[in-house]
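The structure appears below as structure tokens.
Computed from a predicted structure; not experimentally measured.
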Amino acid sequence: MVEIELDGKKVEVAEGSMVMHAADKAGTYIPHFCYHKKLSIAANCRMCLVDIEKAPKAMPACATPVTQGMIVRTQSEKAIKAQKSVMEFLLINHPLDCPICDQGGECQLQDLAVGYGGSSSRYEEEKRVVFHKDVGPLISMEEMSRCIHCTRCVRFGQEVAGIMELGMVNRGEHSEITTVVGDTVDSELSGNMIDICPVGALTSKPFRYSARTWELSRRKSVSPHDSTGTNLIVQVKNHQVMRVVPLENEDINECWIADRDRFSYEALNSDDRLTQPMLKQGGQWQAVDWQTALEYVANGLRQIKTDHGAASIGALVSPHSTVEELALATALMRGLGSENIDHRLRHADFTRGAGVRWLGTSIASLSQLQRVLVVGSNLRKDHPLFAQRIRQAARKGAAVHAIAGQAQLASQDAWAMPLASVQTAEAAGWGDALGVLAAAVAAEKGLAAPSNAQPTDAARATAKSLLGGERKAILLGNAAAHAADASRLLAMAQWIGEQTGASVGYLTEAANTVGAQWVGALPGAQGLDAGQMLAGGLKAVLLLNNEPEFDSAAGAKAAQALDGAQMVVTLSPFKANLAFSDVLLPISPFSETPGTFVNAEGRIQSFHAVVKPRGETRPGWKVLRVLGNLLGLTGFDFETSQDVLAHVRQGLDAAATHVPADRLSNALATPVDLAAPSAAPVAEPVAASIYQLDGLVRRAPSLQLTADGRGSAHAVRGVAYYQAIDEVTA
């Protein structure tokens, strides 16, 4: 440790730290623009100049290493004069357009200009003009004349997103940030550039000119999309979600969020929202009141149970639903006497595990791994923030190995990180690839191999890598969990993990995949799994927060199967499943209901509603509770969502933040023959891409216009949306 004196205070920091790090530790603010704690040091804005004793001139705090006994003054006349001089230079070409700038009110330059800017300028030359650029539907670069060349956006692309989409060209007053070849910015993390831009050069295109920052209320929430459990700040005006930005949490998402977490809010305000209960009568949809709709459902379920037995009733529930909704949907099915409930809509292998399948390690630990093997995942697209953490590990020297299909791993840079080895194989071949790797590990350790495979030179190299290092993980992706031989993949991964000392876990697909297992949203011993239910035969089906055509492995066949049911009830925030549903019940999305999600590491995170329900929409847990009461079932006497959560958490310490460790297990309930041949492949899920994951992202116009969203049927929504905006603003 090195001790320095900062503004008269003694501060100890690690050797090699910069003066800025010491200031952060001491709680002393030094004005800056280019410095960001998560990015490399550029030292190109010079706003952080400080007075260091014995130094002939002011020095940049972000790029000056500390030395023993160093004396630093941040408020001396020398430091303040230097900082004011830098501000004067920054304002030479900056346009004086604060009244119309979207960044007004949360602009670093605006804030610091109050303290360090002059009341007048000594420069009379014309200000420079930088032409705007169109980089896609998410980021606006309309006012690049405001750019102060801090290069935060450039460094973010290189170091965090893993792909350098922006760069600086030319020199002097002709310098500008651009995509160089005129491409769009397509990173799945690109929206973070908006947050880290200290001026109004990069702004949110969907949010642009819709509200002022001081008009917005800020409320905490949790992302309902992938299994990171990203912490959010949802900004609201007039009971409408206007913008979503990250809430910093070092253990989960650090200070970043994925683009689908940031921009999917557009769907919350879309015309596709279902705002009142509807019944299909004579082939036509009719709006009805809640009492009529719920009594219709209750009477229908009661009659079908009487006529065909409880086994003819089933529920397909989304792992994007809250713990409270899933718990009550499970209780409803069990109360009716049915064991038919499942959240594994995209799976092909429904073998039960010994416990709740999870990540196998903490999310934060992904950044510190030294060896990683990822199987069956489009890592960068499926889990952008997990990929970002593993990218951090790779930058520190971690060896990342991949076994995936052509769709998940089209090229060496598909994950935007260096890969130590890549084995491209379709899903049916992943088990064999793991078998070859297991044989190589066995050969290296002098053990009997679990399969009859012969190790290859590439497998031996990967085995040697996995046997080295200390912090290791084998991670099974969405496609591996959905595969027809998912159990064999897990068993093979477990064997390799035991021999190499690596943790083994699932990246887990959705915001509440772990929570769905925890509350038991799985078929009982005599129950039908999702695949069997979607094959047809049920008389009554409850669909909670999902659209089987897009959210299940059955795809279009699901519609045919469900069309044969006597009654299909859809509980959704949107006008979904119109072709085969008989009842539509409008339930609240995550922004309009309190609830709880459990992320991949088993962390329990509750959140409140940020806006009031739209129209006649009601929280899903309330709808299920009332339905249980109408059916005369016991255990539905909850007054609040917190009561439901307390019931789920029975036996769990009040201070516990995670699902009990004894419930988390990736072990198999029954042994698997590792030498058996791979199972026959099945069709890939219809909606497996990054912007087809759930109903919210499918209905977000801006996301559907991105490079990842274009080509889907839902992209048409985006085109129509922006055509309408163009007509209004023309």
Side-chain angles (χ1 to χ4, degrees), residues 272-318 321 324-326 328-338 340-341 533-534 536-549 558-559 561-589 592-593 613-638 695:
D272 211 20
R273 283 292 302 273
L274 178 66
T275 56
Q276 56 189 134
M278 301 185 79
L279 294 180
K280 187 183 286 183
Q281 298 175 337
Q284 299 296 316
W285 285 104
Q286 302 291 331
V288 296
D289 59 68
W290 270 105
Q291 187 70 22
T292 301
L294 289 173
E295 286 181 355
Y296 180 91
V297 173
N299 292 334
L301 291 174
R302 200 178 288 113
Q303 188 63 46
I304 289 170
K305 179 181 177 181
T306 300
D307 295 344
H308 305 283
S312 66
I313 303 171
L316 294 165
V317 296
S318 169
S321 301
E324 293 81 356
E325 291 167 347
L326 292 168
L328 290 179
T330 302
L332 185 71
M333 285 296 105
R334 303 280 193 260
L336 286 169
S338 172
N340 306 328
I341 182 169
M533 284 190 271
L534 287 167
L538 289 178
K539 297 298 181 182
V541 185
L542 267 66
L543 301 175
L544 176 62
N545 256 332
N546 66 84
E547 299 167 83
E549 290 177 274
L562 292 170
D563 198 37
Q566 193 171 321
M567 184 174 72
V568 177
V569 182
T570 291
L571 294 85
S572 173
F574 303 104
K575 298 168 185 173
N577 307 325
L578 296 176
F580 49 81
S581 292
D582 299 286
V583 187
L584 298 180
L585 302 178
I587 63 170
S588 302
E592 299 170 15
T593 180
R614 188 171 178 181
E616 293 297 311
T617 301
R618 296 291 179 267
W621 71 269
K622 282 189 176 182
V623 175
L624 291 164
R625 181 202 65 187
V626 174
L627 196 52
N629 290 334
L630 289 174
L631 288 165
L633 306 179
T634 58
F636 285 81
D637 300 324
F638 304 107

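- Across every non-hydrogen atom of Leu585 and Pro277, the tightest pair is CD2-CB, 4.4 Å.
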*I would like to know whether Ile587 and Trp621 meet side-chain contact (heavy atoms from CB on, under 4.5 Å); could you show each step before the answer?*
CA-CA 9 Å; Ile587 63 170; Trp621 71 269; over 6 Å; no

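- At least one side-chain heavy atom of Leu584 sits less than 4.5 Å from a side-chain heavy atom of Leu578.
- For the atom pair CZ (Phe574) and CG (Asn545), the distance works out to 9.0 Å, reported to the nearest 0.5 Å.
- Expressed to the nearest 0.5 Å, how far CG of Leu543 lies from CE of Met533 amounts to 10.0 Å.
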For residues 290-302, dump all side-chain donor-acceptor pairs below 3.5 Å to protein atoms at least two apart in sequence or in another chain.
| from | atom 1 | to | atom 2 | distance (Å) |
| --- | --- | --- | --- | --- |
| Trp290 | NE1 | Glu616 | O | 2.7 |
| Gln291 | NE2 | Glu295 | OE2 | 2.6 |
| Thr292 | OG1 | Asp289 | OD1 | 3.0 |
| Thr292 | OG1 | Asp289 | OD2 | 3.2 |
| Asn299 | OD1 | Arg302 | NH1 | 2.9 |
| Asn299 | ND2 | Glu295 | O | 3.1 |
| Arg302 | NH2 | Leu630 | O | 2.8 |

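- Asn546 contributes atom CG, which lies 7.0 Å from atom CG of Asn577 (distance to the nearest 0.5 angstrom).
- Counting heavy atoms from C-beta outward, Lys280 and Phe580 have side chains that stay 4.5 Å or more apart.
- Residues passing the salt bridge (Lys or Arg N to Asp or Glu O under 4.0 Å) test with Arg334 are Glu339, sequence neighbours excluded.
- Gly314 and Met333 make their closest contact through C-SD, 3.8 Å (heavy atoms, listed as atom of the first residue, atom of the second, distance).
- A donor-acceptor distance shorter than 3.5 angstrom exists from the side chain of Lys305 to the backbone of Leu336, with no hydrogens or angles considered.
- A side chain to side chain contact (heavy atoms under 4.5 Å, CB included) with Leu538 is found for exactly one of Ile313, Asn340, Ile304, namely Asn340.
- Atom CG of Leu274 and atom NZ of Lys575 lie 7.5 Å apart (nearest 0.5 Å).
- Within the 3.5 Å criterion, the main-chain N or O of Ser588 finds no donor-acceptor partner in the side chain of Arg618.
- Side chains of Val623 and Leu328 form no contact here, defined as non-hydrogen atoms less than 4.5 Å apart.
- Side-chain contact check for Thr570 and Ser581: at least one donor-acceptor pair (N or O, by modelled atom type) lies under 3.5 Å.
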*Leu542 and Leu332: side-chain contact (heavy atoms from CB on, under 4.5 Å), yes or no, with the steps?*
CA-CA 10 Å; Leu542 267 66; Leu332 185 71; 3.6 Å; yes

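- Looking at heavy atoms from C-beta onward, Leu571 lies in side-chain contact with Leu624 at the 4.5 angstrom threshold.
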*What's the verdict on side-chain contact (heavy atoms from CB on, under 4.5 Å) for Asp563 and Val568, showing C-alpha distance, side-chain angles and the deciding distance?*
CA-CA 8 Å; Asp563 198 37; Val568 177; over 6 Å; no

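- Between Pro548 and Leu562, the closest heavy-atom pair is CG-CD1, 3.7 Å.
- The side-chain heavy atoms of His308 and Gln566, taken from C-beta on, include a pair separated by under 4.5 Å.
- When all heavy atoms of Leu326 and Ser321 are compared, the closest pair comes out as CD1-O, 3.7 Å.
- Using a 4.5 Å heavy-atom cutoff, the side chains of Phe636 and Leu631 are not in contact.
- Across every non-hydrogen atom of Arg614 and Glu592, the tightest pair is N-OE1, 3.2 Å.
- Here the closest heavy-atom approach between residue Ala329 and residue Val317 is recorded as CB-CG1, 4.0 Å.
- Taking a cutoff of 4.0 Å between a charged side-chain nitrogen and a carboxylate oxygen, Arg625 and Glu325 do not qualify as a salt bridge.
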